[in-house]
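Working notes, beginning with the structure itself.
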Amino acid sequence: MTGTLLNDNHSNYHQLNHLPDKLNHIDINRNNNYLNNSDHNHLHHPHHPHPHPNHHFNHHQQSVKPFDELPTPKSYPIVGTTLTLMAFGGAAHLHEYCDSRHKELGPIYREKLGPTDCVFIADSSMAQKVYSNEGRFPNHLVPEAWTIYNEMTGIKRGLFFMNGPEWEKRRKGLNKVFLCQPVISDYTDDLNQVVTDVIAKWTNVVEENQFNSSFKCKHQQSGLLTQLERELYNWSIESLGTMIFGRRLGCVETSDELKCKTNKIEKVHLFVQCVQQLFVESAKMTLLPARLAQRFNLPVWQRFMEAAGQALTMARGYVEENIAASRDDPANGSRGVLEMLLAQPRIDQEEVISIIVDLFLAAADTTSHATQWALYLLSKNPEYQQKILEQVESVVGKNGTVQAEHLKHFTLVKGVIKETLRLYPVAPFISRKLDRDIVLGGYQIPANSLLAISLYTTGRDEKYWPEAKSFKPERWVRDESNRKIINSHASLPFGFGIRSCVGRRVAEVQMQFLLSRIIQKFYLEPGNAEDIGIKLRMITTPESPIHLRLIKRSTV
Ligand code: HEM
C-alpha cells in the first residue's frame, strides 16, 4: 500500500523547532478566528483584569450562559456523585464514566469528582479553542498527591512539574534535543539496534516456550510471549537510556555473556514495579483529597510515599551511575544527549538529573503501553499484519533490513499507531488551567477553571470517526481512495501546542521500528481467550495481562 499520512500535526509546529513532516496546512493557526460563533465571545471576568486580546463584543454576547448553568450531573449531599462513579468501577473506569456523562449531558459539562471540580470537554472545536488560549506558559493539573510529595520532600522535579518562565526555559532546551529531527536522526540506528535485540530475545523466548511445551499442551503454549508488558518496559527504558547516555544499559539482554556482565535487569524490573505501583496509588487518590490521606497517613498515602520514594531514588541512582559511566568512557558517553542537556545555559547537574529522572518516568509507561495496545490490536486484526508486511517488503524487499530512511514509507504502520492511540489514548484526559476567561460551547468559563479534554470520548465518537469502534488504520492514510481530511483535534494522544509531549518523536520512531520489524519477523495471534478491557492507572492500561502468540514467519 502506498500513500501519505494524514494529520501528522498534533504538535504546534509553529512553535517547535525543526520538526520534519510539516503537514500543518490543514491545521489551526492559533491566532486565527476559526471557531463557531458562540465561541468567539470573550467576556471580561471580574477576577481577571486582562481580557484576551481577541476580546470583542458582538451580538452573540447575550447568548453566553454563566458558568453556573453548565450541565452538571445529579449529585447527593456529602457523597456527591461518588457512588455513581463507584458503580462504574471507580477511578480505574473514569474514562467510561465520563464517556457516559458526555452522552447524558453533552460535549461540555461540569462535575466535582472527589476534591476536584472539573469541566469536561468532548468536542474538537472546543479543544481547539482551549489550546489556542493556553498562553505562553500553559498550565496543566499535577495530581495533588504529587504536589504534596514534592513539597514534603523538597525534591526538585522535571519538566512536567515546572511552570511559567522556568518551564519555558527548560522546555525550549529539551525541544532542541527531543523534537529536533537532525538530533533524532543521530540516534535512529541505536533505537533500531535495540529493536534488533528485542527481536532476538523474543525469538529465544518463544522458541524456549515451544520446546518446554512440546510434552505438555503444545497448542496452548507454543510461541506464547506472556511477559509482554515487562518486555516492552525494558525496550522503552533501554531505548531512552541509549539515547540519553549514548551507551547500552543492558535492560534487553541479548546473550548470556551480556546477562553475566550486568545485574541491571533486576534493578530495572524493580524500578518498573515501583513506577507501576506509583501510578496505581496516585490513581486511587483521584477521588480522595490527597491532603486528607496524607494528614491521616492512610495506607494509600503510605504506599504512594513508599513507591514514589523508591522509584525516584532508583531512577536517580540509575541516572547518576550512567552519568558517571559516560564520563569515565568519554569516547562512548559523548554520543548521548546528556552532554547537550548539561550544556544548557544556567543548568547544574542536579537539575539535569531531575529532568532525566522524570523523562524516564514519562517515557517508560507511555510508549510501552501504546505499543502493547498496538500489538494487541494487530493480533486481533491479522489482515493488517498482511498489509503491513506487503508495505514493508515493497520498501525493503523480502527479508530486507529496515533502516531509518525506510520509515517515512511505512504509512500503514504510522496509521496503526494513530489508530491505536485514537482508541486507547495513553492519557485519556488532557488537562489545562487557562490564565484567561473564555467561552466554551456557549458557556462563560472563568480563568483558572480546571478543564479536561476527554480524549477517550472524542476518539470513539461517530461524529468524527465513521465506524468509530472499529480498528481501521487506513483511515489515516491518504491515497487515491481516501482524500478525506481528518478532524485533527478529535484525537490528540500527544496533546497539542507548546506543552504537548516532548517525547513524541522519539516514541514514534521507536514504535515504527518495533512494529514494522515484529510484523516482518512474526505472525501475531492473540494469546488471551477474552477481549481485554481498559483499566486506568493514571494511564490507559490493560485490565488483565495481554499475552501474544508469536509464530515465526518462515514457519507460517
Ligand atoms: C506513545 C508514547 C507517549 C504518549 C502517548 C505521550 C503522551 C503525552 C501527553 C498526552 C502529554 C501531555 C500533553 C499536553 O498536556 O498537551 C505528554 C507530556 C509529556 N511527555 Fe509524553 N507521551 C509519550 C511518550 C513520551 C516519551 C518517550 C517521553 C520522554 C522522552 C515523554 C515525555 C513527556 C514529558 C516530559 C511531558 C511533559 C511536557 C511538558 O510539561 O512540557 N513522553 N505526553
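One-based numbering, in listed order, for ligands and for the atoms of each. These values consider heavy atoms only, across backbone and side chains, with no hydrogens, waters or symmetry-generated copies. Note that the structure is predicted; figures quoted are calculated from it, not measured. Numbers for residues simply follow the sequence, beginning at 1.
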Protein residue, atom and distance nearest to atom 13 (C) of ligand 1, heavy-atom basis:
R499 O, 3.5 Å
Show, in sequence, the C-alpha distance, side-chain angles and deciding distance for Q372 and Y424, and conclude whether the side chain to side chain donor-acceptor pair (under 3.5 Å) test is met.
CA-CA 10 Å; Q372 188 167 205; Y424 297 88; over 6 Å; no
Polar side chain donor-acceptor pair, R517 to N192, under 3.5 angstrom
yes
May I ask you to identify the nearest protein heavy atom to atom 37 (C) of ligand 1, giving residue, atom name and distance to one decimal place in Å?
F160 CD1, 4.0 Å
Which ligand 1 atoms does L240 reach within 4.0 Å, using its non-hydrogen atoms?
30 (C)
Partners passing side chain to side chain contact (heavy atoms under 4.5 Å, CB included) against K535 (at least two apart in sequence or in another chain):
A92, T541, E543
Using a strict 4.0 Å cut-off to heavy atoms of R171, name the atoms of ligand 1 that fall inside it.
38 (C), 39 (C), 41 (O)
Flag for T457-D99: side-chain donor and acceptor within less than 3.5 Å:
yes
Distance filter under 2.8 Å, centred on atom 21 (Fe) of ligand 1 - protein N, O or S atoms that pass it:
C501 SG
List ligand 1 atoms under 4.0 Å from F496, heavy atoms only on the residue side.
16 (O)
Tell me if a side-chain donor or acceptor on W373 pairs with a main-chain N or O of T540 at a distance below 3.5 Å.
yes
For atom 7 (C) of ligand 1, what's the nearest protein heavy atom and its distance?
P493 O, 3.4 Å
For R316, check salt bridge (Lys or Arg N to Asp or Glu O under 4.0 Å) against everything at least two apart and list the hits.
E320, E350
Give the atoms of ligand 1, by number and element, whose distance to some non-hydrogen atom of T367 is under 4.0 Å.
2 (C), 24 (C), 27 (C)
Donor-acceptor under 3.5 Å (S368 side chain, L232 main chain):
no
Under 3.5 Å, is there a donor-acceptor pair between the R230 and N234 side chains?
no
What atoms of ligand 1 come within less than 4.0 Å of a heavy atom belonging to I430?
10 (C), 14 (C), 15 (O), 16 (O)
Give the atom numbers and elements of ligand 1 that come within less than 4.0 Å of a heavy atom of L159.
38 (C), 39 (C), 40 (O), 41 (O)
Okay, side chain of T367, backbone of A364: is any donor-acceptor separation there less than 3.5 Å?
no
State the atoms of ligand 1, each with its element, that fall below the 4.0 Å cut-off from a heavy-atom position in H140.
40 (O)
Mark up the atoms of ligand 1 that fall under 4.0 Å of a heavy atom belonging to W167, in ascending order.
39 (C), 40 (O), 41 (O)
Test of understanding: with side chain to side chain contact (heavy atoms under 4.5 Å, CB included), list the residues that count as partners of S282, not counting sequence neighbours.
W146, F304, M538
Under the 3.5 angstrom rule, does the side chain of Q510 hit a backbone N or O of L191 as a donor-acceptor pair?
no
For Y131, is the nearest heavy atom under 4.0 Å from an atom of ligand 1?
yes
So for R432, does at least one of its heavy atoms come nearer than 4.0 angstrom to any atom of ligand 1?
yes
Please lay out, stage by stage, how H95 and I534 fare under the test side-chain contact (heavy atoms from CB on, under 4.5 Å).
CA-CA 9 Å; H95 57 297; I534 293 175; 3.5 Å; yes
